[in-house]
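Written out below as structure tokens is the structure these notes cover.
So you know, we letter chains A, B, ... as the sequences are listed, proteins then strands, and number each from 1.
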Number of protein chains: 2
Amino acid sequence: MSSPTSLDSPRGGTRRWEQIAAALRADIASGHFAPGSRLPNESLLAERFGVNRHTLRQAVQALTREGFVNVRQGSGTWVRELVLDYALQKRTRLSENLAEAGERAERELLAQESGRPAGPWAQALKISAGSRIELLYTRSSVRGRPISLSTAAYPSARLAGMAEAFLRERSITAALRSLGVGDYTRLRSSISARLPTPDEADALARPVTQPVLVVNYTNVDAQGVPVEAACTLFAADAVQLQVDTGEALA
Amino acid sequence: MSSPTSLDSPRGGTRRWEQIAAALRADIASGHFAPGSRLPNESLLAERFGVNRHTLRQAVQALTREGFVNVRQGSGTWVRELVLDYALQKRTRLSENLAEAGERAERELLAQESGRPAGPWAQALKISAGSRIELLYTRSSVRGRPISLSTAAYPSARLAGMAEAFLRERSITAALRSLGVGDYTRLRSSISARLPTPDEADALARPVTQPVLVVNYTNVDAQGVPVEAACTLFAADAVQLQVDTGEALA
DNA sequence: TTAAATTTGTGCGTATGTATG
DNA sequence: ACATACATACGCACAAATTTA
């Protein structure tokens, strides 16, 4: 009936609030509403879309369920920083929505080093303290926003060309595959949290008061031989780790 | 235990440094050397044990490998803040987890509330937004040091007496069992990190600059029906989460 | 510390379109 | 054709939480 704005858009369902939710979702995905920013207030948005505030609220509730925004009474509706679910076992949840918007992580090589392992690396890789390792420092971003910093160690004896392979393949998995490690699995992850150093905070484009999730892990090949030992720092406002322990149940 | 273990102890291996390491380990475990405190300097300890400083350093190195202490040149040897490995698995039990580390957790009820679920709780428990829930606020401590705060929700329809049962049984697992929930398993854990609020920091006896690990999870009974939805804050300096993904089960 | 302004949360009532029987 | 039930949408008013001055 009262359709001052175009009802011509077939996207996002037939109901008005679904169309509005789709429009807001697109604005968030496109970066028009940046993560961490506040949406215009409900009255304004309702007016802008030409609907009653109740109708707009239904759209916002949908975005809340999907994890795109957080609504705080008295404060406003905020675009969620927490965008990425990182599955430690399998499974994804929030990312499936973003995958539709073409969400993809970009990983860049910050620095590379090769030398003798300092204590923990050798132990994690189960190699002798004398043998050499390749160290790769990388940063991952989503939509141009830094998400994580990784320091990864590889045994030089087997994976001497990791840095070049990574630069060529643009992916750790592809780089390992090109060096003969067809498949690898994660053994165990150890998770803790701390405040970042100024350098780390800078590389993550975040304040030093924003905690990072520290994940230490080891990847092994099909034979159970360690091929990668790494420590990843996740910006805790942007990444949420998921651990699935429920299996097929009745 | 008021005085440090002396060197007469025959336990802990045949080598002198192994005996000394065992003695120091016992002192740390007993709390004689408190987490976060500094050990006497190496010369003093060597003299106390009647060995050369080189011998003592071997013992300290062993403790370093085991994670009991951190050695900082020019600063001293520091007893590591209580680091408990908390395993996230299908059957996740606080007491069992700590028992493996030779620790015992005390859990106290801070507050109790019963009312209508606010949004997320109802959703996590898969009950209608109108039905009632029991909310239990608890704090867990190890060796008298607070390590975690939990807010747990239970459906009143099935578990109305949770607070009383917990006070009687002194354990969530036992309380649930006494109310007819024989076994339960963890579906999914979602892990994040943030800085604590002043109240939370106070309850954990930590500064507001010390991040907390935030773990959201749901426990279901044998039939897959949710019986507990909870959010636990772990003091990140004391707890490290372990996720095992190595084993292929089922 | 207090008060005002801003913003979301919630309740009431009304009306319309769409299934169902 | 009619009654019923339900989801959608609009309008107004006030409550509650938060921010700001």
### Message
In whole Å, I'd like the distance from the CZ atom of A:Arg16 to the P atom of C:dA15.
### Response
23 Å

### Query
Could you give the CZ-to-C1' distance, from A:Arg72 to D:dA17, as a whole number of Å?
10 Å

### Query
When you measure from the side chain of A:Ser75, which nucleotide among D:dT19, D:dG11, C:dT8 comes out closest?
D:dT19

### Query
Do B:Arg107 and B:Thr138 have side-chain N/O donor and acceptor atoms under 3.5 Å apart?
yes

### Task
Could you let me know what D:dA1 is paired to, Watson-Crick or G-U wobble, both distances under 3.5 Å, or none if it's on its own?
none

### Query
Separation of A:Glu42 atom CD from D:dG11 atom P, in whole Å?
16 Å

### Message
Is the phosphate of D:dT8 approached by A:Thr55 (side-chain N or O, under 4.0 Å from OP1 or OP2)?
### Response
no

### Query
Can you check the A:Gln58 CD to C:dG9 P distance for me, whole Å?
14 Å

### Query
Are A:Glu200 and A:Arg194 within salt-bridge range, i.e. N to O under 4.0 Å?
yes

### Short side-chain to backbone donor-acceptor contact, A:Ser37 and A:Ala34, under 3.5 Å
yes

### Task
Would you indicate, yes or no, if C:dG9 has its OP1 or OP2 atom less than 4.0 angstrom from a side-chain nitrogen or oxygen of A:Arg57?
yes

### Query
Any idea which of D:dT8, C:dT10, C:dT8 is nearest the A:His54 side chain?
C:dT10

### Message
Looking at A:Tyr217, I'd like to know if the NZ or CZ of A:Arg186 sits under 6.0 Å from its six-membered ring centre while staying within 45 degrees of the ring's axis.
### Response
yes

### Query
Which whole-number value in Å describes the distance from A:Asn52 CG to D:dA7 P?
19 Å

#### Entry: A:Gln73 CD to C:dT10 P, straight-line distance once rounded to whole Å
7 Å

### Message
Taking B:Asp221 first and then B:Arg158, would you say they form a salt bridge - that is, a charged N and a carboxylate O separated by under 4.0 Å?
### Response
yes

### Message
If I take atom CG in residue A:Asn41 and atom P in nucleotide D:dT18, what distance separates them, rounded to the nearest angstrom?
### Response
17 Å

### Query
Which comes earlier along DNA chain D counting from the 5' end, the contact point of A:Arg53 or that of A:Leu56, where each point is its nearest nucleotide?
A:Leu56

### Message
Starting the side chain at C-beta, find the nucleotide from C:dG9, D:dC10, C:dT7 nearest to A:Val51.
### Response
D:dC10

### Task
Quickly work out the A:Arg15 CZ to D:dC10 P distance and round it to whole Å.
14 Å

### Task
For A:Thr77, answer base if it contacts any base atom (sugar-phosphate contacts may also be present), sugar-phosphate if it contacts only those atoms, and nothing otherwise; contact means non-hydrogen atoms under 4.0 Å.
sugar-phosphate

